[in-house]
Amino acid sequence: MNCSGVHRAIREGRTDQPPVLAHAETCTSCSELLAGGGSLGRAMAELTVTPPVLEAPRFAPAWAAIRAERGLAAWGRGLATPVKGAILGATVLAVLAGVLTWHPRPDLAAYPSERMALVLAVLGVLAGVVAATRIRPLHRPPLSWRWAVVGIAVVLPLWLAGLDEAVTGHMASMSKGPFWSTAVTCFATGSVMGAAIMALFTWFERRSTVPLVIVGLSAAAMGLTGNLAMQLYCPLTDPWHLMVGHASVGAVWATVSVGAAWATRRWRQGA
Amino acid sequence: MAEPTDEALFDAYRAGDERAFQQLFDRYAPLLLRLVGRDVRRSAEAEEIVQDAFLHLHRSAADFRQGARLRPWLMTIALNLKREHFRRRSRRPEAPLELDGRQDPVAASPRILERRHARTQIDRALSSLPENQREVIVLHWFGGLSFREVAGAVGASVSAVKVRAHRGYTAMRESLGEPV
């Protein structure tokens, strides 16, 4: 006999049967339910005597929503999670391939290859983890925040190391135009390069109401994709430029999108 | 004839049989409503979460693997939607919804009043547990999930959920005034 069998026996008042008692010998939870003459078990059984009343018309909106699940939007939402992951990965690779094909950074050959590998690996792993967390389906248990703290503690020093000024000796990496002009140009370019990821997240979303943390994760993944692309696109290596023009993509869009989502929610609640 | 399993019904639905989904709805909506209604006071909000869970089940159909059990799958969806509901409202789980009382007769006899009192007491004892213990007990006792399935639903090890259940039941006995 297992726990379900014991629960059934408690509900049916058959707690003195040998298999029930034998199970309770090995199961601490069931033994608690049966302890003291089984009063806790009987009390728990009281809670399940009458099922809640279900009125069909009140569930009509769910049926209407399910029947309305048609078309391209519904198809995107309904894709299996591994397929979504593959599409996201392929999109990031396509963006990077496009940059390398049409507009690679002029100092690519002179850029230290180990450093390039480190920066791409850190950003790539981070983007992968953020995207996987973002598309984690609701039939899986939530991730522990402890993992996020450990992840940030590991990745942050590596990422900061990547911001340290690289010396390539190439003219392009040393030429410094007006700071804000180049930073804003890179911010806009990075945003455009990450926009496809944001669009895919929106298309893939199954929830009716998206939690703010998920909105923030979408923007973070978009920013990381933009940063990956900018690493292959922009030759400037000034740390301040990298902070303001590149790293800001995720931070700014996360702030804007979470703020907009929060304000919309408040407005709807107030309306 | 034996009732079709949940998985057979879901497979039939995925093959285009809408009645199979209706059967799943009839089978699980009351149970989910009871599980969600334990923490969500407003019945309209609890119903909304249950409806969302079924809509989500429909949208997640492609993720359902052969050999998996539908019951813990659906309950995990409902549980996560409930968590998101509370996060959105920045609220903690509330006192339980009195769903069980709806069918009580209006003219209550002393015996009914006594049972109602006992029910309120055990309800309070369950509600006063820490969320991680209450969640495990609700899924195990009311949801009928095995400890292994509960562990999968809450994202903890089997031994951890067993400990939580044991501690929860012990605390409930204490709050009911039983010698532990």
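Note that this is a predicted model, so its numbers are computed, not measured. Per chain, numbering begins at 1; letters A, B, ... match sequence-line order. Hydrogens, waters and symmetry mates are skipped; everything else that's a heavy atom, side chains included, is used.
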In terms of heavy-atom proximity below 4.5 Å to chain A, should B:Gln121 be classed as side chain, backbone, both, or neither? neither

With respect to chain B, which residue among A:Val83, A:Thr209, A:Val213, A:Leu212 yields the maximal number of heavy-atom pairs within a distance under 4.5 Å? A:Thr209

Nearest atoms (heavy-atom pairs only) where A:Pro141 meets B:Ala153: CB-O, 3.3 Å

Using heavy-atom distances under 4.5 Å, tell me whether B:Ile137 contacts chain A through its side chain, its backbone, both, or neither. side chain

Under 4.5 Å between any side-chain heavy atoms of B:Ile122 and A:Leu40, yes or no? yes

Most contact-rich option vs chain A, by heavy-atom pairs under 4.5 angstrom, among B:Met172, B:Lys162, B:His140, is B:His140

Is A:Arg8 atom CZ crowded by more than 12 heavy atoms from other residues, nucleotides or ligands, each under 6.0 Å away? no

After noting the C-alpha distance and the side-chain angles of A:His139 and B:Phe64, does the key distance pass the side chain to side chain contact (heavy atoms under 4.5 Å, CB included) rule? CA-CA 9 Å; A:His139 57 265; B:Phe64 191 74; over 6 Å; no

So which part of A:Leu79 gets closer than 4.5 Å to some heavy atom of chain B, the side chain, the backbone, both or neither? backbone

Gap separating the CG atom of A:Leu138 from the CG atom of B:Asp63, nearest 0.5 angstrom: 10.5 Å

For the residue pair A:His7 and B:Trp141, does the interplanar ring angle fall in the parallel (under 30°), tilted (30 to 60°) or perpendicular (over 60°) class? tilted

Max heavy-atom pairs within cutoff under 4.5 Å with chain A, candidates B:Gly144, B:Ser60, B:Ala165, goes to B:Ser60

Exceeds 12 heavy-atom contacts within 6.0 angstrom, atom CZ of A:Arg265: yes

Near A:Glu25 CD, under 6.0 Å, is it more than 12 heavy atoms from other residues, nucleotides or ligands? no

Other residues, nucleotides and ligands only: do more than 12 of their heavy atoms fall within 6.0 Å of CH2 on A:Trp253? no

Distance check, rounded to the nearest 0.5 Å: B:Leu55 atom CG versus A:Arg206 atom CZ? 11.0 Å

Look up atom OH in B:Tyr169 and atom OG in A:Ser31, then write down how far apart they are to the nearest 0.5 Å. 11.0 Å

Would you say CD of B:Glu84 has more than 12 non-hydrogen atoms from neighbouring residues, nucleotides or ligands within 6.0 angstrom? yes

For chain B, which of A:Ile10, A:Thr28, A:Ile66, A:Asn2 has the most heavy-atom pairs under 4.5 Å? A:Ile66

When the 4.5 angstrom heavy-atom criterion is applied to A:Leu33 and chain B, the contacting part is side chain

What part of B:Arg167 is in contact with chain A, defined as an atom under 4.5 angstrom from a non-hydrogen atom: side chain, backbone, both or neither? neither

State whether the side chain of B:Asn80 and the backbone N or O of A:Arg140 hold a donor-acceptor pair below 3.5 Å, judged by distance alone. yes

Chain B shares the most heavy-atom pairs under 4.5 Å, among A:Ser39, A:Cys27, A:Ser4, with A:Ser39

I'd like to know which of A:Ala74, A:Pro137, A:Ala35 tops the heavy-atom pair count under 4.5 Å against chain B. A:Ala35

Between NE2 on residue B:His58 and CD on residue A:Glu69, distance to nearest 0.5 Å: 4.5 Å

Partner chain B: residue of A:Cys30, A:Pro142, A:Ala65, A:Cys3 with the largest heavy-atom pair count (under 4.5 Å): A:Pro142

Contact class of A:Arg42 relative to chain B, heavy atoms under 4.5 angstrom: neither

Do the side chains of A:Ser208 and B:Arg59 get nearer than 4.5 Å, heavy atoms only? yes

